[in-house]
Every structure is written in C-alpha cells, then in structure tokens.
Amino acid sequence: MLKENLAFVENEIQAACVRANRSRKEVTLVAVSKTKPVSELRKAYDLGVRVFGENKVQELADKYEELPKDIHWHMIGHLQRNKVKYIIDKVDMIHSVDSIRLAETIEKEAAKHSIRVNVLIEVNVAGEESKFGVSCEELPGFVEEVAKFPHIRVQGLMTIAPFVENSEDNRVIFERLRKLSVDIKEKNVDNITMRVLSMGMTNDYSVAVEEGATMVRVGTGIFGTRDYARV
Ligand SMILES: *Cc1c(COP(=O)(O)O)cnc(C)c1O
C-alpha cells in the first residue's frame, strides 16, 4: 500500500510540475509521519524516503533515535518554547516559527550547539482564528526581526491552508503566500532567503505545486488515515 501511495503522490507532483512548467527537482516531498509507528517509517525509508515531517517534539525525538541518521527531520507542528532544546540539534528545518519569543529561544538553543537552524515563518494567510501563524500584515516586520538572529537562517514561508472540499478554493491562499515571499525577496534583507515555500497537504498539494510550492507536506496520501486513539 505504502509503495503504491508513494508512486501515486510522486506522479501527481510530476504532473503538477509539468502543468506549471516547473522542474520536479524544485519540489521536496515531506512525508508527514506523525502518529505512525517507526515500523511504517522504516518501510518508507526502505522505499527511498529521506525527508520526514513530525508535529510533536517527543515523537520526533524518539523516532530520531530509532531510525537511520541520514534522515532529514522537519518539525512542522506548533512548537512550545520549553521544548525547543529537545529537537534543536535533530531537525533540518523548523516550519512553524510564529513568534519572536519562539525565535529568541531557537536562537539561544542553537547558539549553545554552535549551529545555525533553518526555519520557515508560518503565515496565517486566511486569517483563521483557530490557526497559528503570523498575519500577512505583520509578516514583513516579523521577518526583519528574525533576520537579526545569527543562529537562525530564515529560508522561506509556510502556511497551513484551510480545510476545503475543493482544492481549487485554496489556490488563492497559495498564490498569496508566493506573492508575500516575492515581496520580501525584493527587499533584500540580510541573512535571509526566500527559497522555500512550504504549502500543500494531501488534499491540495497539486494546486500548491502549480502555485510555486517548493515543499509539500503529505501525510494521509502516503501513510493512510491517522488513528489518533493509538497515540
Ligand atoms: C498533519 C500535517 C500535514 C499532513 O496532513 P495530511 O492532510 O495528512 O497530508 C501537513 N502539515 C502539517 C502542519 C500537519 O500538521
């Protein structure tokens, strides 16, 4: 099942790249493995998957210990400041920076390890009350603040689009995030790049790729539905 799912997702990404006249190489598939047992991740690993996304600190740290060290771990979920220290030296990228205080903590912990941590700024494009993320209006000033931290490398933006029946409805969200990243890029802020646009999940990653996503975060489409009761 996993093998077929991966092949399906890969095909969809390729097709979206063709439609958008983009190279497949521009898009990284993040396999979102939250709630899934290590045995499932190992199967995915054996099929060639090297980039995994998790949304819980403890779960990421546990899986990190158990699985091969050439895996790239992405923290995609809301991150509490007191937990940053448990994953700071384990992750390739933190997708969910949404407050200056969180950035300060990441800076402090990264400095302890003498590393620079790749982060994305999470943007609440749709302005949903229930969602984390910086508003579109706050974003430019926010990026300039985070750019001042020497142990943080802002690599781009991330958004979690609303849940919609028809993925086309999220096209405007993805378009907006891309435009925001272009506006920031044009300001040439020191110490940051806007090379990453993390947008698109199982229900809408094709549309996201058409709109310029460089990372799509796909869970259900690869690993099947999640059983939260087991966790
Ligand atoms: C769970 C999760 C995903 C994956 O969702 P699916 O709909 O299962 O593909 C992507 N991004 C974030 C931030 C998530 O928490």
Side-chain angles (χ1 to χ4, degrees), residues 1-2 4-13 16 27-37 40-41 43-44 47 49 51-63 71-80 83-84 87 91-99 102 106 118-134 155-171 173-174 177 196-231:
M1 205 44 193
L2 189 57
E4 288 76 15
N5 287 350
L6 272 169
F8 180 84
V9 171
E10 180 53 42
N11 257 317
E12 293 287 307
I13 293 173
V27 184
T28 300
L29 171 61
V30 180
V32 177
S33 47
K34 63 191 190 198
T35 80
K36 298 294 172 182
E40 280 297 297
L41 278 74
K43 279 185 210 157
L47 291 164
V49 176
V51 186
F52 290 89
E54 289 285 339
N55 72 337
K56 294 257 174 7
V57 164
Q58 184 70 53
E59 195 176 338
L60 190 155
D62 289 348
K63 287 172 174 173
I71 288 176
H72 301 284
W73 294 98
H74 288 230
M75 177 62 195
I76 61 172
H78 184 64
L79 183 54
Q80 286 171 305
K83 294 188 175 165
V84 170
I87 55 154
V91 293
D92 257 63
M93 189 169 274
I94 296 171
H95 289 228
S96 44
V97 171
D98 62 352
S99 76
L102 173 60
I106 294 171
N118 296 316
V119 310
L120 305 178
I121 308 302
E122 180 170 352
V123 188
N124 185 354
V125 178
E128 290 178 286
E129 291 265 344
S130 59
K131 293 251 167 80
F132 294 106
V134 179
Q155 299 273 25
L157 307 177
M158 177 272 222
T159 197
I160 301 175
F163 179 79
V164 289
E165 292 292 334
N166 179 356
S167 60
E168 281 297 327
D169 295 347
N170 276 337
R171 191 177 290 278
I173 303 285
F174 301 141
L177 193 72
V196 177
L197 273 182
S198 169
M199 56 189 195
M201 306 174 21
T202 295
N203 287 324
D204 52 21
Y205 65 88
S206 293
V207 176
V209 169
E210 287 171 16
E211 294 302 325
T214 69
M215 273 181 198
V216 290
R217 309 178 307 267
V218 181
T220 312
I222 294 175
F223 295 103
T225 50
R226 285 179 289 273
D227 181 359
Y228 286 96
R230 285 189 49 236
V231 187

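First listed ligand is number 1; within each ligand, the first listed atom is number 1.
The two atoms that bring Asn118 and Asp92 nearest to each other are ND2-O, 3.2 Å, heavy atoms only. Pairing each heavy atom of Ser167 with each of Val207, the nearest pair is OG-CG2, 3.6 Å. Minimum interatomic distance between Glu54 and Ser33 (heavy atoms only, all atoms of both residues): OE2-OG, 2.6 Å.
The backbone N or O of Gly77 sits less than 3.5 Å from a side-chain atom of Ser96, completing a donor-acceptor pair.
Listed by number with element, the atoms of ligand 1 under 4.0 angstrom from any heavy atom of Arg217 are 4 (C), 9 (O), 10 (C), 11 (N), 12 (C), 13 (C). Which parts of ligand 1 touch Thr220 is read off a 4.0 Å heavy-atom cut-off, strictly below it: atoms 6 (P), 7 (O), 8 (O), 9 (O). Taking every heavy atom of Gly219 and a limit of under 4.0 angstrom, the matching atoms of ligand 1 come to 4 (C), 6 (P), 8 (O), 9 (O). Shown in contact with Lys34 at under 4.0 Å from a heavy atom are these atoms of ligand 1, numbered in order with element: 1 (C), 2 (C), 3 (C), 14 (C), 15 (O). Ligand-side atoms of ligand 1 in range of Val218: 9 (O), range being under 4.0 angstrom from any heavy atom.
We find that Lys56 and Glu59 are not joined by a salt bridge, their nearest charged nitrogen and carboxylate oxygen being 4.0 Å or further apart.
Among Val9, Ile76, Asn55, Asp204, the residue whose heavy atom lies nearest to atom 13 (C) of ligand 1 is Ile76.
Of the heavy atoms in Ile160, only side-chain atoms (C-beta onward) come closer than 4.0 Å to ligand 1. Counting heavy atoms closer than 4.0 Å to ligand 1, residue His95 contributes nothing at all.
The protein non-hydrogen atom at the shortest distance from atom 9 (O) of ligand 1 is Thr202 OG1, 2.4 Å. The protein heavy-atom contact nearest to atom 5 (O) of ligand 1 is Met201 CE, 3.5 Å.
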message: Before you tell me yes or no, could you show the steps for Glu210 and Arg171 under salt bridge (charged side-chain N to carboxylate O under 4.0 Å, His left out), namely the whole-Å CA-CA distance, both residues' side-chain angles and the distance that decides it to 0.1 Å?
response: CA-CA 9 Å; Glu210 287 171 16; Arg171 191 177 290 278; 2.7 Å; yes

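The distance from atom NZ of Lys34 to atom CG of Asn55, rounded to the nearest 0.5 Å, is 4.5 Å.
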